[in-house]
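Here is the structure we will look at, set down as structure tokens.
These values consider heavy atoms only, across backbone and side chains, with no hydrogens, waters or symmetry-generated copies. All residue numbers refer to positions in the sequence shown, counting from 1.
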Amino acid sequence: MPIVFLISLLQIAKGLKHHKNLIVVTNSIITAYELGRNPYIKTILLGGYYNPDTNAVFGHHAIQQLNDYKLDKLFLSIDGISASDGVTSEHPYETEICRAMIKNAAEVIVTADFSKVGVSRFIQIASLDEIDMLITDDKAPADEIKIIEKRGVKVVLV
């Protein structure tokens, strides 16, 4: 049974509504609620400090629980990605859980709309060499996408 981790990815969770035989680990309360509508998906909601701004949990207890799991795929929603600074966030308190997710995942897939490509935010989560794939839309800056691809990240435009 594939094990997938979703962090605050409601749209991907909605896209899984017809899938079967998945175990999904998430720190997002909204994502867990959406996944709970599919009886064929086993959903594990991490425990920890709750951030009402992001509707997600983080902190020592969430990371400790997460470290028990080996994840096949990580879908990570981020605030910025650039060739120069890698993957970045506006939320410094949630950075450590993102780093733990990356460490425990066999494949790391970053999702970001065009407005986040070529952008650096407050704190770095990961360098580009820790990322396997970027999913973004066709409005993303083509020059930045080319540089990110040259750095070894597969880019999928939707």
Side-chain angles (χ1 to χ4, degrees), residues 1-19 21-28 30-32 34-35 41 43-44 46 51 53-59 62-63 65-158:
M1 193 176 289
I3 301 173
V4 178
F5 190 93
L6 300 175
I7 176 170
S8 303
L9 291 167
L10 186 58
Q11 294 306 317
I12 290 179
K14 288 179 179 180
L16 295 174
K17 66 182 174 185
H18 299 297
H19 281 72
N21 299 321
L22 286 178
I23 299 173
V24 179
V25 180
T26 185
N27 69 329
S28 167
I30 294 171
T31 301
E34 181 66 30
L35 292 168
I41 295 177
T43 305
I44 298 170
L46 297 177
N51 181 347
D53 294 332
T54 61
N55 281 304
V57 298
F58 63 95
I63 292 169
Q65 183 182 357
L66 176 62
N67 284 333
D68 289 339
Y69 308 126
K70 292 297 175 202
L71 310 169
D72 295 320
K73 292 182 188 291
L74 165 63
F75 290 89
L76 182 66
S77 175
I78 50 91
D79 297 319
I81 183 168
S82 70
S84 60
D85 294 323
V87 177
T88 57
S89 175
E90 295 176 351
H91 306 283
Y93 299 110
E94 296 180 20
T95 303
E96 289 305 315
I97 194 165
C98 292
R99 289 176 181 159
M101 293 175 214
I102 290 168
K103 182 183 110 193
N104 291 336
E107 183 178 11
V108 178
I109 302 162
V110 168
T111 63
D113 69 47
F114 75 94
S115 69
K116 297 173 182 176
V117 177
V119 173
S120 293
R121 296 295 181 196
F122 180 66
I123 190 165
Q124 185 185 52
I125 296 170
S127 62
L128 287 181
D129 62 350
E130 297 174 88
I131 307 304
D132 298 297
M133 182 186 301
L134 166 64
I135 299 174
T136 189
D137 55 85
D138 58 6
K139 294 178 186 175
D143 55 337
E144 189 75 18
I145 292 295
K146 286 181 185 177
I147 297 169
I148 290 171
E149 286 178 317
K150 285 182 183 176
R151 299 274 311 272
V153 178
K154 179 181 179 182
V155 177
V156 176
L157 300 176
V158 294

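Considering CZ of Phe75 and OG1 of Thr31, their distance stands at 12.5 Å, rounded to 0.5 Å. Taking CD1 of Ile148 as the start and OG of Ser84 as the end, the distance is 9.0 Å to the nearest 0.5 Å. Separation of atoms OG1 (Thr54) and CG (Asn51) is listed at 3.5 Å; rounding is to 0.5 Å. Distance check: Ile81 CD1 to Thr88 OG1 gives 8.5 Å after rounding to the nearest 0.5 Å. The structure places CD1 of Ile102 at 6.5 Å from CD1 of Ile125, a figure rounded to the nearest 0.5 Å. Interatomic distance, CG of Asn21 versus CD1 of Ile41, reported as 10.0 Å (0.5 Å rounding).
Looking at residues two or more places apart in sequence or on another chain, you find no salt bridge (Lys or Arg N to Asp or Glu O under 4.0 Å) involving Glu130. Residues satisfying the side chain to side chain donor-acceptor pair (under 3.5 Å) test with Gln124, not counting sequence neighbours, are none. Evaluation of the side chain to side chain donor-acceptor pair (under 3.5 Å) rule for Ser89 yields Asp79 as partners, not counting sequence neighbours. Legend: residues meeting side-chain contact (heavy atoms from CB on, under 4.5 Å) with Gln65, ordered by chain and number and at least two apart, are Ile44, Leu46, Tyr69.
Between Leu134 and Leu128 the shortest side-chain heavy-atom distance does not fall below 4.5 Å.
The side chain to side chain donor-acceptor pair (under 3.5 Å) contacts involving residues 133-154 comprise nothing, where partners must be two or more places apart or lie in separate chains. Sorted by first and then second residue, the side chain to side chain donor-acceptor pair (under 3.5 Å) pairs involving residues 96-121 (not counting sequence neighbours) are Asn67-Asn104, Lys73-Glu107, Ser82-Ser120, Asp85-Ser120, Glu90-Arg121, Glu96-Arg99, Asp113-Ser115.
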For Met101 and Asn27, run side-chain contact (heavy atoms from CB on, under 4.5 Å): C-alpha distance rounded to whole Å, both residues' side-chain angles, the deciding distance at 0.1 Å, then the answer. CA-CA 10 Å; Met101 293 175 214; Asn27 69 329; 4.1 Å; yes
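Of all non-hydrogen atoms in Ala140 and Phe114, the two that sit nearest each other are N-CB, 3.3 Å. Residues Val57 and Ile97 share a closest heavy-atom pair of O-CD1, 3.9 Å. When every heavy atom of Ile131 is checked against every heavy atom of Val153, the shortest pair comes out as O-CG2, 3.7 Å. Between Tyr93 and Phe58, the shortest heavy-atom contact is O-CD1, 2.9 Å. In plain terms, the two heavy atoms of Val117 and Pro141 that are nearest each other are O-CG, 3.7 Å.
Distance alone, capped at 3.5 Å, is enough to place a donor-acceptor pair between the Asp132 side chain and the Val108 backbone. In this structure a side-chain-to-backbone donor-acceptor pair under 3.5 Å is missing from Asn55 to Ser28.
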